[in-house]
Structure formats: C-alpha cells, structure tokens
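Structure record follows, encoded as structure tokens.
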Amino acid sequence: QVQLAESGGGAVQAGGSLRLSCVASLYEYKIGCLGWFRQISRKEREGVAVIETGGGTTYYADSVKGRFTISQDNARNTLYLQMNSLKPEDTAMYYCAAAGRTCTRALFLNPPAFDYWGQGTQVTVSS
C-alpha cells in the first residue's frame, strides 16, 4: 500500500512559478513509476509528467515541455514538479500518482493504470 500527499499548490499570476511536492509513504510496495497528472473540472485526468524511479526516464506532455521539470529525491521518498512560465491554461487540480510497473509512454497516456493517487493540490494561474 502507498499513501501520497501533495503540497505546494496555490494561486499565481501568468509567468510565475510553483513547485509541487509529493511525499510517498510506502508499505511493502515497490514503485516503478511516479507521476503528476491534472484535471480541469469534469474533464478527463491528463498526464503532465512521469519519472521512472529506478532509471530516471521521464515523459512530459507536449504542453509543458520546456516549462515543467519532474524530479525525485529517493532518500526522502519525495516527488517534485517545478513549474515555470505558468499559463492560465495550467489551472487545474494536480495529482500525484504511483504505479508498480516501469514507466512507459503507454502508461503515461493511461492514468487509470496507476495504482495509487493523492488527494490533489489546486493550481490557479491568473492572466
């Protein structure tokens, strides 16, 4: 079992930055892939970025490439998402998720395949 706790969301103006954090509490579970997803209102949850816990392979949504960076601190069981040059269209609830399998692009594009989810943290970007 895994418990995920996100923090770091908030309200910023366009062009600003935020750093999201996700602390993972592990109970006899090996995580292969950690990621950030976002959801706007009733739309489907979409992948933002994922990282393979073992080798560091990453995948990003085209809309955030060059602006967002995913990273991990294995010693602290913490996942980060550095978000720069934020845009109003980045406004969403951001979720941290964990999967037991290795990160692949197919997994990144299939949020329901992730096994555990945090409660989410709201990011609001004003123009």
Side-chain angles (χ1 to χ4, degrees):
Q1 186 175 356
V2 177
Q3 293 182 348
L4 303 171
E6 305 99 333
S7 62
V12 295
Q13 291 189 329
S17 298
L18 284 173
R19 187 175 82 154
L20 305 184
S21 300
C22 173
V23 178
S25 300
L26 307 178
Y27 302 96
E28 300 182 354
Y29 183 84
K30 181 174 174 59
I31 295 176
C33 186
L34 280 167
W36 290 98
F37 296 79
R38 64 187 182 187
Q39 187 170 21
I40 304 170
S41 298
R42 297 181 180 180
K43 294 184 179 180
E44 289 186 358
R45 203 165 288 188
E46 64 174 9
V48 176
V50 296
I51 185 167
E52 185 176 337
T53 58
T57 300
T58 59
Y59 297 95
Y60 290 90
D62 289 342
S63 59
V64 307
K65 281 180 181 177
R67 300 188 298 123
F68 291 11
T69 303
I70 189 170
S71 62
Q72 58 187 339
D73 183 338
N74 290 333
R76 293 182 170 85
N77 286 337
T78 302
L79 179 72
Y80 301 101
L81 184 69
Q82 179 66 44
M83 306 187 294
N84 299 327
S85 302
L86 282 161
K87 304 176 180 180
E89 50 264 43
D90 295 318
T91 295
M93 183 70 79
Y94 284 72
Y95 297 90
C96 173
R101 65 196 76 181
T102 301
C103 278
T104 62
R105 184 154 187 82
L107 180 62
F108 173 55
L109 297 175
N110 186 23
F114 280 74
D115 303 302
Y116 295 98
W117 293 84
Q119 294 298 309
T121 185
Q122 178 68 36
V123 171
T124 302
V125 185
S126 59
S127 58

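Reckoned from all heavy atoms, side chains included, excluding hydrogens, waters and symmetry mates. Keep in mind that this is a model prediction, so the values were computed, not measured. Index from 1, following the sequence.
- Between Val123 and Met83, the closest side-chain pair of non-hydrogen atoms falls below 4.5 Å.
- Counting heavy atoms from C-beta on, the side chains of Leu79 and Ile51 come closer than 4.5 Å.
- Within the structure, disulfide (SG to SG under 2.5 Å) contacts touching residues 38-98 (residues at least two apart or in different chains) are Cys22-Cys96.
- Within the 4.5 Å cutoff, the side chain of Val125 has no heavy atoms near those of the Lys87 side chain.
- By the ring pair (Phe, Tyr, Trp, His ring centres under 6.0 Å) test, Phe108 pairs with no residue at all, sequence neighbours left out.
- Evaluation of the disulfide (SG to SG under 2.5 Å) test over residues 37-80, restricted to residues two or more places apart or in two chains, returns none.
- The closest side-chain heavy-atom distance from Leu20 to Glu6 is not below 4.5 Å.
- Under a 3.5 Å cut-off, the side chain of Thr69 and the backbone N or O of Gln82 do not form any donor-acceptor pair.
- Residue Arg105 holds its CZ atom at 13.0 Å from OG1 of Thr57, rounded to the nearest 0.5 Å.
- The closest side-chain heavy-atom distance from Leu34 to Val50 is not below 4.5 Å.
- Nearest heavy-atom pair, Gly35 versus Ile70, reported as atom, atom and distance to 0.1 Å: CA-CD1, 4.3 Å.
- Applying the side chain to side chain donor-acceptor pair (under 3.5 Å) rule to Gln39 yields the partners Arg45; only residues at least two apart in sequence or on another chain are considered.
- For residues 93-103, every residue pair satisfying the side-chain hydrogen bond (donor to acceptor under 3.5 Å, both in side chains) rule, not counting sequence neighbours, is listed here: Arg38-Tyr94.
- Sorted by first and then second residue, the disulfide (SG to SG under 2.5 Å) pairs involving residues 97-127 (not counting sequence neighbours) are Cys33-Cys103.
- The 12-atom threshold is not exceeded at CD of Gln119, counting heavy atoms of other residues, nucleotides or ligands nearer than 6.0 Å.
- Under the side chain to side chain donor-acceptor pair (under 3.5 Å) criterion, Ser71 pairs with no residue at all, not counting sequence neighbours.
- Note: Asn77 CG to Leu4 CG = 10.5 Å, rounded to the nearest 0.5 Å.
- Contact record, Ala61 with Gly47: CB-O, 3.4 Å, taken as the closest heavy-atom pair.
- Applying the side chain to side chain donor-acceptor pair (under 3.5 Å) criterion to Asp115, with sequence neighbours excluded, gives Tyr29.
- Within the structure, no pair that satisfies the ring-ring contact (aromatic ring centres under 6.0 Å, His included) test touches residues 51-87, not counting sequence neighbours.
- Phe37 CZ to Glu44 CD: the interatomic distance, rounded to the nearest 0.5 Å, is 12.5 Å.
- The closest side-chain heavy-atom distance from Leu18 to Leu86 is below 4.5 Å.
- Distance check, rounded to the nearest 0.5 Å: CG of Asn84 to CZ of Arg19 gives 11.5 Å.
- The side chain to side chain contact (heavy atoms under 4.5 Å, CB included) check on Ile40 picks up Lys43, Ala92, with sequence neighbours excluded.
- The list of salt bridge (charged side-chain N to carboxylate O under 4.0 Å, His left out) pairs with a residue in residues 61-81, not counting sequence neighbours, reads Asp62-Lys65, Arg67-Asp90, Asp73-Arg76.
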